[in-house]
**Student:** 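Here it is, the structure, as structure tokens.
Here is how names work: the chains are called A, B, and so on, in the same order as the sequence lines, proteins then strands, and each is numbered from 1.
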2 protein chains.
Amino acid sequence: MAVTIKDVAKLANVAPSTVSRVIADNPRISEETKERVREAMKELGYHPNFIARSLANQSTQALGLVMPSSADKVFQNPFFPEVIRGISTMAHEKDYALYMSTGETEDEIFEGVVKMVQGKRVDGIVLLYSRIDDEVINYLVENKFPFTVIGKPFKDADSITHVDNDNYLASKEVTEYLIGLGHDRIAFVGGSLNLVVTIDRLLGYEKALRNSNLVYRDDYIVQEEFLKEGGREAVKELLALTDPPTALVVTDDIMALGVLNTLAEMGISVPDDISVVSFNNSMFSEVSRPPLTSVNINIFDLGCTAAKYVIEQIENPSGHVKRVIVPHKLVKRQSCKEKSLQLKTVE
Amino acid sequence: MAVTIKDVAKLANVAPSTVSRVIADNPRISEETKERVREAMKELGYHPNFIARSLANQSTQALGLVMPSSADKVFQNPFFPEVIRGISTMAHEKDYALYMSTGETEDEIFEGVVKMVQGKRVDGIVLLYSRIDDEVINYLVENKFPFTVIGKPFKDADSITHVDNDNYLASKEVTEYLIGLGHDRIAFVGGSLNLVVTIDRLLGYEKALRNSNLVYRDDYIVQEEFLKEGGREAVKELLALTDPPTALVVTDDIMALGVLNTLAEMGISVPDDISVVSFNNSMFSEVSRPPLTSVNINIFDLGCTAAKYVIEQIENPSGHVKRVIVPHKLVKRQSCKEKSLQLKTVE
DNA sequence: TTGTATGCGTTATCAA
DNA sequence: TTGATAACGCATACAA
């Protein structure tokens, strides 16, 4: 059995409660005894048992991370390591640890959240995604458990602290950029429509088209998974149309990579035949062929800020709901071209 | 206050201990009372408090992850998301959660480990790296705490369960491949020499040179950080030499990416002027220009297996030390060329 | 300034 | 088959 507060107490000739107070650096303990107790701790190699402390305290100094699906898939998209990087940095600053449950299906993930919350394994939660009709959010709200979401909650957005980009605007700008290059057949390749981010970006895209009196065509809207294969599927669908698009808004770099690959295999050149813009500005957008014009959404900041505000909620439960919009910026590289300069049009 | 075992007991008209036994599905409880208790649990929405259970049990069903440095840097290299993916998959299968502390310096990381262990926050630990003279390993060994390391422990390798590649062999093969292409001026760009993986690969590289009677030159050995910038620095150093290498063994894709970038900026072509092989076979090696010839070290398996064996240690403490070598495979792409076919030699 | 007693929510050991 | 009761290791209200 490890050394406990009692062993220290015995050695230092004080009561266990005194040791406890020394650990908490309680000002009502004399410097002398503090010194004596500290020496005893050092001598015995004492370290507090966090579990016991958590039980007495009702606090764990840990943040729970909830991902949209199995780590298996999630970690293939650089978005997640990057948000976690942000969360971790802030967590470290505030001295919190990170806790991840490992569910695979939606149900398992929900179960994982319940275990974290009811099991009191974490003090707060960061949701790394936002989807419509999410039972996780409902559960957290009902239980008044501290949490923040990265992305915009589908409903009750003004009563839930969240950190998001202005995805509507970003997508609108990106589409306008393409329109500005003379494109009028622009397709949208997004992730699942269950994700609020997809909805927002689709809306922005639609708005831009409408503003320019371009037609919004259902067959130009494709939804796939946020993985490379997703991009591959999208291209196949779109190029099978009788009048395929000349430009693509892709909502994720990793999908865009799939798009690029597939296009290359088909002998279609980017940007000579088709222009592509994407989101996330991950390292992939720099190294792809051609380098991708992509929206930098400051993923790291997203994570940092989200962590900051759960911790704030934990430490000051009466605080106010926050809503933070992290700025975005279009980074132009070589995947877009004026339509008139494109060599030929795919038919 | 949440609903506890006592509330359930009251509602079901039994003692708390009975409820506890029902949770554990103790066979000595009659089916009737079990049913009654279960209904009460459902009615109250009872969920066990994991912290309390951990305290009573001395077990947490959680695995601690220890990274080599701040998450900040670590998550920029795709190796780590990928191992975690593997670990997470196995952890999920065995119903364990994951716990990460967030230290930045070596000391903070060590402190984090101590907190995990003494604080009884986790049942076992996976070390995601292996460096020489690592106090973390010493500490874990001294405390007889279950852990596995990904990589080869610097010392006592046969008393520490670990999962590794045969890095010596892999590096030797890779170097021989380059020699086979006619190269005789081959440089080695590795990570920190504190990392055992770097040492092993350097040794393999050296052996291959020696076998072919090529000279081993100190100025052909460069160590940098496992990041893109690392590759950039390496190239600068090597190309400043009077007789620069015609081929590079780079021990990490992300560094190789930096190498490729820098070379491109300098107007030096890969593979026409310089051949490059690297390790990890991450997605970057597929999308880089040119696509990188890289060693697939099966990172996912590394993680999976490491997790599997900590859990085994946890559940069967008397088990035997394991040492697993995960196979590797050279994946040839377009970053290497026979020396005689290279257009010119950089001087 | 310090000690005593009790509780945090479980599990486990004895009895019954 | 079930119920008291004592741990588990720490924090804290109350006493001293």
Side-chain angles (χ1 to χ4, degrees), chain A residues 1-38 40-41 44-62 114-123 143, chain B residues 1-38 40-41 44-62 114-123 143:
Chain A
M1 203 60 24
V3 24
T4 77
I5 214 173
K6 286 180 191 167
D7 304 316
V8 177
K10 209 168 291 173
L11 182 64
N13 252 314
V14 294
S17 54
T18 304
V19 178
S20 174
R21 284 191 261 256
V22 173
I23 295 172
D25 203 22
N26 189 315
R28 307 194 308 193
I29 299 287
S30 72
E31 271 311 317
E32 303 165 63
T33 40
K34 272 190 186 173
E35 222 21 74
R36 198 147 42 89
V37 170
R38 286 195 184 116
M41 296 200 307
L44 296 175
Y46 170 79
H47 273 267
N49 180 322
F50 233 93
I51 295 291
R53 169 180 287 186
S54 294
L55 185 59
N57 260 352
Q58 310 283 40
S59 115
T60 60
Q61 290 284 329
V114 173
K115 277 188 187 174
M116 286 201 252
V117 174
Q118 309 262 16
K120 308 245 184 286
R121 280 170 170 243
V122 299
D123 294 341
N143 286 273
Chain B
M1 202 62 23
V3 24
T4 76
I5 214 172
K6 287 181 190 166
D7 304 316
V8 178
K10 209 167 292 174
L11 182 64
N13 252 314
V14 293
S17 51
T18 304
V19 178
S20 174
R21 284 190 263 256
V22 173
I23 295 171
D25 202 22
N26 189 316
R28 306 193 311 193
I29 299 287
S30 73
E31 271 310 317
E32 303 165 63
T33 40
K34 272 189 187 174
E35 222 21 75
R36 196 147 41 89
V37 170
R38 287 197 183 113
M41 296 198 310
L44 297 175
Y46 169 80
H47 272 267
N49 180 323
F50 235 92
I51 295 290
R53 171 179 285 187
S54 294
L55 185 60
N57 260 353
Q58 311 282 39
S59 117
T60 60
Q61 289 284 331
V114 173
K115 277 188 186 172
M116 286 201 250
V117 174
Q118 310 262 13
K120 308 242 183 287
R121 282 173 166 240
V122 299
D123 294 341
N143 286 273

**Student:** In whole Å, what is the span from the CD1 atom of B:Ile5 to the C1' atom of D:dA4?
**Tutor:**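 Distance, rounded to whole Å: 14 Å.
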**Student:** Taking only N and O in the side chain of B:Ser54, is any of them less than 4.0 Å away from OP1 or OP2 of D:dC8?
**Tutor:**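 Answer no for this pair, as no side-chain N or O of B:Ser54 is under 4.0 Å from OP1 or OP2.
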**Student:** Whether B:Thr18 contacts D:dG3 is assessed here as follows: a side-chain N or O lying under 4.0 Å from the phosphate OP1 or OP2. Is that the case?
**Tutor:**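 For B:Thr18, the contact criterion (side-chain N or O under 4.0 Å from OP1 or OP2 of D:dG3) is met.
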**Student:** Identify the two heavy atoms, one from A:Lys6 and one from A:Pro16, that lie closest to each other, and give their separation to 0.1 Å.
**Tutor:**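 Looks like CG-CG, 4.3 Å.
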**Student:** Looking for any heavy atom pair under 4.0 Å, which part of the strands does A:Val14 touch: base, sugar-phosphate only, or nothing?
**Tutor:**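 Result for A:Val14 = sugar-phosphate.
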**Student:** So, does B:Lys120 use its side chain to make a donor-acceptor pair with the main chain of B:Thr60 at under 3.5 Å?
**Tutor:**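 Answer holds: no.
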**Student:** How far apart are the C-alpha atoms of B:Ile23 and B:Tyr46, what are their side-chain angles, what is the distance that settles it, and do they pass the side chain to side chain contact (heavy atoms under 4.5 Å, CB included) test?
**Tutor:** CA-CA 11 Å; B:Ile23 295 171; B:Tyr46 169 80; 3.6 Å; yes
**Student:** Go through C:dT11, D:dA11, C:dC8 for me and flag the one nearest to the A:Asn57 side chain.
**Tutor:**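 Out of C:dT11, D:dA11, C:dC8, the nucleotide with an atom closest to A:Asn57's side chain is D:dA11.
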**Student:** Below 4.0 angstrom from OP1 or OP2 of D:dC10, is there any side-chain N or O of A:Ser20?
**Tutor:**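 For D:dC10, OP1/OP2 do not have a side-chain N/O of A:Ser20 under 4.0 Å.
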**Student:** Here's a test of your reading of the structure: between B:Ile51 and B:Arg21, which maps to the more 5' nucleotide of DNA chain C?
**Tutor:**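 With B:Ile51 and B:Arg21 compared, the 5'-side residue is B:Ile51.
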**Student:** Give the rounded distance in Å between these two atoms: CG of B:Asn49 and P of C:dC8.
**Tutor:**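 Between P of C:dC8 and CG of B:Asn49: 12 Å.
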**Student:** For B:Asn26 and D:dT1, give me the distance from atom CG to atom C1', rounded to whole Å.
**Tutor:**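 These atoms are roughly 10 Å apart.
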**Student:** For the pair made of CE in B:Met41 and C1' in C:dG9, what is the distance, rounded to whole Å?
**Tutor:**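 Atom CE in B:Met41 sits about 15 Å away from atom C1' in C:dG9.
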**Student:** Under a 3.5 Å distance rule, please check whether B:Ser54 uses its side chain to pair with a backbone N or O of B:Ser59 as donor and acceptor.
**Tutor:**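 Checked: pair present.
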**Student:** Where the side chain of B:Lys115 meets the backbone of A:His47, is there a donor-acceptor pair that is under 3.5 Å apart?
**Tutor:**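 Not a single qualifying donor-acceptor pair exists.
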**Student:** For the pair made of NZ in B:Lys120 and P in C:dT10, what is the distance, rounded to whole Å?
**Tutor:**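 After rounding, the gap between these two atoms is 21 Å.
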**Student:** Counting the atoms with a prime plus P, OP1 and OP2 as sugar-phosphate, which does A:Phe50 contact under 4.0 Å by heavy atoms, base, sugar-phosphate, or nothing?
**Tutor:**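 The residue A:Phe50 makes no contact with any strand.
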**Student:** Check the phosphate of D:dC8 against A:Thr4, side-chain N and O only, distance under 4.0 Å to OP1 or OP2. Yes or no?
**Tutor:**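 Checking A:Thr4 against D:dC8: no side-chain N or O falls below 4.0 Å of OP1 or OP2.
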**Student:** I need the CD-P distance between A:Gln58 and C:dT10, as an integer number of Å.
**Tutor:**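 Answer to the nearest Å: 11 Å.
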**Student:** Whole-Å distance between C:dG3 P and A:Lys10 NZ?
**Tutor:**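 Result: 14 Å.
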**Student:** Does B:Arg53 place a side-chain N or O at less than 4.0 Å from the phosphate oxygens OP1/OP2 of C:dT11?
**Tutor:**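 B:Arg53 to C:dT11 OP1/OP2: side-chain N or O found under 4.0 Å.
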**Student:** Take the protein atom NZ of A:Lys115 and the nucleotide atom C1' of C:dG9, then report the distance between them rounded to whole Å.
**Tutor:**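 Computing the A:Lys115:NZ to C:dG9:C1' distance gives 17 Å.
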**Student:** Determine, stepwise, if the pair B:Glu32 / B:Glu35 fulfils side chain to side chain contact (heavy atoms under 4.5 Å, CB included).
**Tutor:** CA-CA 5 Å; B:Glu32 303 165 63; B:Glu35 222 21 75; 5.8 Å; no
**Student:** What does B:Pro48 touch in the nucleic acid at a heavy-atom separation under 4.0 angstrom: a base, only the sugar-phosphate, or nothing?
**Tutor:**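 The residue B:Pro48 makes sugar-phosphate contact but no base contact.
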**Student:** Please pick, from D:dA11, D:dA4, C:dT2, the nucleotide with the shortest atom-to-atom distance to any side-chain atom of B:Ala15.
**Tutor:**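 It is D:dA4.
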**Student:** Check whether any side-chain nitrogen or oxygen of A:Gln118 sits under 4.0 Å from OP1 or OP2 of C:dG9, and answer yes or no.
**Tutor:**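 Looking at the OP1 and OP2 atoms of C:dG9, neither is under 4.0 Å from any side-chain N or O of A:Gln118.
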**Student:** Pick the closest DNA chain D nucleotide for B:Arg28 and for B:Ala56 by heavy atoms, then say which residue is nearer the 5' end.
**Tutor:**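 Residue closer to the 5' terminus by nearest nucleotide: B:Arg28.
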**Student:** Tell me if the side-chain of A:Ser17 makes a donor-acceptor pair with the base of C:dT4, cut-off 3.5 Å, by modelled atom types.
**Tutor:**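 Side chain to base: pair present.
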**Student:** Would you say A:Thr33 places a side-chain N or O within less than 4.0 Å of OP1 or OP2 belonging to C:dT2?
**Tutor:**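 Answer is yes, contact under 4.0 Å.
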